[in-house]
Amino acid sequence: MAEKITPRAEDYSKWYLDIVKEAQLADHSDVRGCMVIKPNGFALWEKMQRALDGLFKATGHVNAYFPLFIPMSYLAKEEEMAEGFAKECAVVTHHRLKAEKGRGLYVDPEAKLEEPLVVRPTSETIIWKTYKNWIQSYRDLPILVNQWCNVVRWEMRTRLFLRTAEFLWQEGHTAHATREEAEREAHMILMDCYRRFAEEWMAMPVLTGPKSEGQKFPGAIYTLCIEALMQDGKALQAGTSHFLGQNFAKAFDVQFLNDKQQLEYAWATSWGVSTRLIGGLIMTHSDDNGLVCPPRLAPTHVVICPLGKNEEERRAAQAAAEQLAAALRSLPRDEFFGYEPINVKVDTMYDKQPGYRFAEYELRGVPVRVEIGPKDLEKQACVIGRRDRPGKEGKQVGIPLSSAPALIRDLLVEIQQSLFQRAREYRDRMTRAVDTWEQFKQEIEHGGFLMAHWDGTRETEDRIQEETGATIRCIPFDQPEEAGQCVLTGRPSTKRVAFARAY
RNA sequence: CGGGGUGUAGCUCAGCCUGGCUAGAGCGCGUGGUUUGGGACCACGAAGUCGCAGGUUCGAAUCCUGUCACCCCGACCA
């Protein structure tokens with residue numbers, strides 16, 4: 001079975017690419033480092049967008065849109081950011097081509113732009129340049145804006161979803177009158193939007209907390225992150241929320257008059273998650289049979305496969321399937337499914353064998369599959385299989401058609417919970433405390449998060465990375481304070497931090 | 001940008017070293033038939049200017065020169 005997918009144990013990154021391909025999520029495009037997101041993959045992204053957008057709106061944010069192109073001089077205004085992104089920017093230098101017979105198309109040298117335009121790698125600069133015009137008084141604050149868009153970062157090595165030259169994301173950019181309010185915002189986004197989304201929708205447990213100085217975003221005072229652990233023991237940065245202080249307000253001279261009639265620079269945050277989350281979702285739940293998709297984000301919740309050896313049997317089975325589909329679609333809408341109807345597909349690939357059809361929907365990650373054949377119809381019943389327990393083993397037979405809709409609905413909720421629980425158990429099992437350098441070097445080879453004391457210096461972090469490939473992923477909020485000694489230098493430390501090798 | 005590799009049918013590749021007559025296989029695709037409760041089989045069929053441009057030769061997928069693209073490994077990253 002499942003010859004199309006390279007087993008995880010054999011080659012994890014090949015397995016990952018097989019899943020992306022076989023679940024029809026995305027393809028490599030002809031453009032280096034860029035992907036074509038196929039309808040299945042995009043449907044997943046749309047579900048993510050909808051859930052996240054709901055969380056942003058519920059916390060007072062609104063959507064807007066800023067230009068794709070950023071004048072190079074804007075990017076230059078904030079030094080750390082300029083330095084951080086300089087090496088990976090796509091640049092527009094001309095505004096016209098020429099078409100000539102015999103010579104074809106070429107760039108018109110006459111059409112050189114006075115100032116090069118950078119394709120946004122992130123939008124802080126152009127947005128803060130704009131905010132200068134929006135902000136004069138404390139009464140104009142806060143500004144709580146988000147945008148859904150694409151960005152380009154000219155990466156050397158790319159992998160579908162995890163790192164592509166162009167990717168889709170959302171970027172929130174907020175402006176506040178006080179430091180406290182901005183910091184509250186950065187924390188709130190991380191905990192109430194990103195953490196909740198990761199855990200409650202993606203069923204992906206995450207560590208939450210600041211990045212170390214060495215890992216923070218260029219231009220930020222500090223960066224908060226959600227950090228997940230993939231099945232191969234490598235960590236994935238799944239989302240970040242930055243407290244930017246007054247760096248961008250100062251770079252773009254955004255001052256406002258506070259209620260004491262004093263001029264003050266505005267306080268900023270920015271935060272984003274991207275299509276990388278799709279990569280994280282795949283590597284958190286999927287197995288050697290294909291994609292496993294948590295029900296809350298599944299483009300299709302239920303597939304019903306009517307079975308029959310001839311026209312007659314098929315007609316009867318398909319009628320029953322359509323009826324069940326209609327019953328599922330008309331179940332009362334609830335919060336779990338985003339107040340949308342359950343999405344049901346009736347499969348009619350009769351030219352393929354049943355086994356092929358079952359395997360196909362396992363590849364695609366449909367959480368629940370229903371089989372209705374002549375044997376079931378005799379008893380007005382059906383067979384229900386759950387994707388998180390693939391193959392024949394997870395099937396329940398003889399479920400009466402009349403009670404199937406409610407049962408399937410509950411099953412979807414249960415699958416969601418069970419995926420989260422399984423992922424959390426794995427993550428917890430792969431998270432362990434280490435106290436000596438020998439232990440550290442040995443344990444890092446087995447992947448997972450190593451909770452170790454660190455002396456807080458950049459030098460130590462760099463040395464650990466050089467020697468082991470591991471970086472500080474997160475300084476978890478919920479890690480208790482305790483006296484200890486740095487795992488490398490033996491210098492005093494008050495808290496363990498999470499080390500891992502990462503994507 | 002350094003090191004390695006590959007461009008032949010929609011996909012994966014063989015053929016190239018040692019030039020030769022209609023350029024092959026598997027998968028996929030189409031048609032017909034037998035099948036059908038965990039990835040079926042048979043028959044027939046469609047499909048390639050052999051990455052591109054030169055050169056050598058009676059003759060080039062094959063040899064030579066140039067060029068482009070992509071992949072893998074390193075330095076950078078959501």
Side-chain angles (χ1 to χ4, degrees), chain A residues 1-5 11 13-14 17-18 21-22 27-34 83-89 120-122 150-159 161-171 194 211 214-218 220 223 225-228 235-242 270-280 289-290 305-311 313-314 317 349-363 369-378 381-385 390-395 397-398 465-466 469 471 473 502-503:
Chain A
M1 222 193 358
E3 303 86 355
K4 291 181 174 175
I5 308 267
D11 182 343
S13 54
K14 187 130 196 300
L17 291 172
D18 285 347
K21 196 177 121 211
E22 295 299 333
D27 271 336
H28 287 287
S29 74
D30 290 345
V31 182
R32 198 202 78 101
C34 295
E83 218 179 291
F85 285 105
K87 280 175 287 184
E88 49 190 61
C89 285
R120 62 183 164 216
T122 179
N150 58 343
V151 288
V152 168
R153 297 182 187 175
W154 210 268
E155 300 288 353
M156 290 304 176
R157 310 240 314 99
T158 60
R159 294 181 78 189
F161 291 118
L162 293 176
R163 178 168 302 110
T164 46
E166 180 193 14
F167 56 95
L168 307 184
W169 77 343
Q170 58 67 216
E171 47 180 329
Y194 291 166
K211 287 277 181 195
Q215 300 283 329
K216 74 169 193 192
F217 179 74
T223 290
C225 68
I226 53 170
E227 195 77 20
L236 182 76
Q237 177 170 311
T240 46
S241 178
H242 317 289
S270 72
W271 28 275
V273 295
S274 72
T275 37
R276 166 180 264 199
L277 287 176
I278 295 175
N289 296 318
C305 299
L307 306 171
K309 294 194 214 315
N310 53 51
E311 274 298 306
E313 288 181 352
R314 285 173 192 168
M349 293 192 291
Y350 295 119
D351 56 320
K352 306 286 191 208
Q353 293 207 279
Y356 180 97
R357 293 159 72 189
F358 303 160
E360 183 63 25
Y361 290 102
E362 269 168 17
L363 274 178
R369 189 189 59 251
V370 180
E371 302 161 21
I372 303 180
K375 284 187 251 169
D376 305 298
L377 281 179
E378 281 172 22
C382 62
V383 174
I384 296 178
K392 287 180 185 172
E393 294 73 25
K395 287 190 192 180
V397 298
Q465 175 167 16
E466 259 173 59
T471 48
R473 304 313 306 163
Y503 276 97

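Note on naming: letters A, B, ... go to the chains in the order of the sequence lines (proteins, then strands), and numbering restarts at 1 for each one. Values reported hereafter were calculated over all heavy atoms of this structure, with side chains retained and with hydrogens, waters and symmetry mates removed.
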Considering every strand and a 4.0 Å limit on heavy-atom distances, what is the contact class for A:Lys211: base, sugar-phosphate, or nothing? nothing
Sequence neighbours left out, what passes salt bridge (charged side-chain N to carboxylate O under 4.0 Å, His left out) with A:Arg120? Give chain and number order. none
Both distances under 3.5 Å, Watson-Crick or G-U wobble: report the partner of B:G59, or none. none
Describe the nucleic acid contact of A:Arg369 in one word from base, sugar-phosphate, nothing, applying a heavy-atom distance below 4.0 Å. base
A:Thr164 near the nucleic acid: base, sugar-phosphate alone, or nothing, with a heavy-atom cut-off under 4.0 Å? base
Side-chain N or O of A:Lys309 closer than 4.0 Å to phosphate OP1/OP2 of B:U36: no
Need one value for A:Leu162: base, sugar-phosphate or nothing, where a base atom within 4.0 Å counts as base even if backbone is also close, heavy atoms only. base
Give one of base, sugar-phosphate or nothing for A:Asp376, where a contact means two heavy atoms less than 4.0 Å apart. base
Report which part of the nucleic acid A:Gln353 touches: base, sugar-phosphate, or nothing (heavy-atom distance under 4.0 Å, all strands). base
Toward the 5' end of RNA chain B, by each residue's nearest nucleotide, A:Lys375 or A:Gly239: A:Lys375
By nearest atom, which of the nucleotides B:G38, B:G37, B:C29 is closest to the A:Glu362 side chain? B:G38
Nearest-neighbour nucleotide for the A:Tyr356 side chain, B:G39, B:G38, B:A78 considered: B:G39
I'd like a table of atom pairs between the protein and nucleotides 43-48 of chain B - only N or O on both sides, under 3.5 Å - with the distance next to each one.
none

A:Lys352 and A:Glu360 ion-paired at < 4.0 Å: no
By the 4.0 Å heavy-atom rule, please label A:Leu363 as base, sugar-phosphate, or nothing. base
Give A:Phe167 one of three labels, base, sugar-phosphate or nothing, depending on what nucleic acid heavy atoms sit under 4.0 Å from its own. base
Under 3.5 Å for both donor-acceptor distances, Watson-Crick or wobble: does B:U65 have a partner, and if so which one? B:A53
Report which part of the nucleic acid A:Val151 touches: base, sugar-phosphate, or nothing (heavy-atom distance under 4.0 Å, all strands). nothing
Does any nucleotide pair with B:C70 by Watson-Crick or G-U wobble geometry, both distances under 3.5 Å, and what is it? B:G5
What does the list of N/O pairs under 3.5 Å between the protein and nucleotides 69-73 of chain B look like, with a distance for each?
residue, atom, partner, partner atom, Å
B:C73, OP1, A:Arg157, NH2, 3.3
B:C73, OP2, A:Arg157, NE, 3.4
B:C73, OP2, A:Arg157, NH1, 2.9
B:C73, OP2, A:Arg157, NH2, 2.1

Could you let me know what B:G37 is paired to, Watson-Crick or G-U wobble, both distances under 3.5 Å, or none if it's on its own? none
Please classify the nucleic acid contact of A:Gly272 as base, sugar-phosphate, or nothing, using heavy-atom distances under 4.0 Å. nothing
Checking N1-N3 plus N6-O4 or O6-N4 for Watson-Crick, or N1-O2 and O6-N3 for wobble, each under 3.5 Å, the partner of B:C29 is B:G45
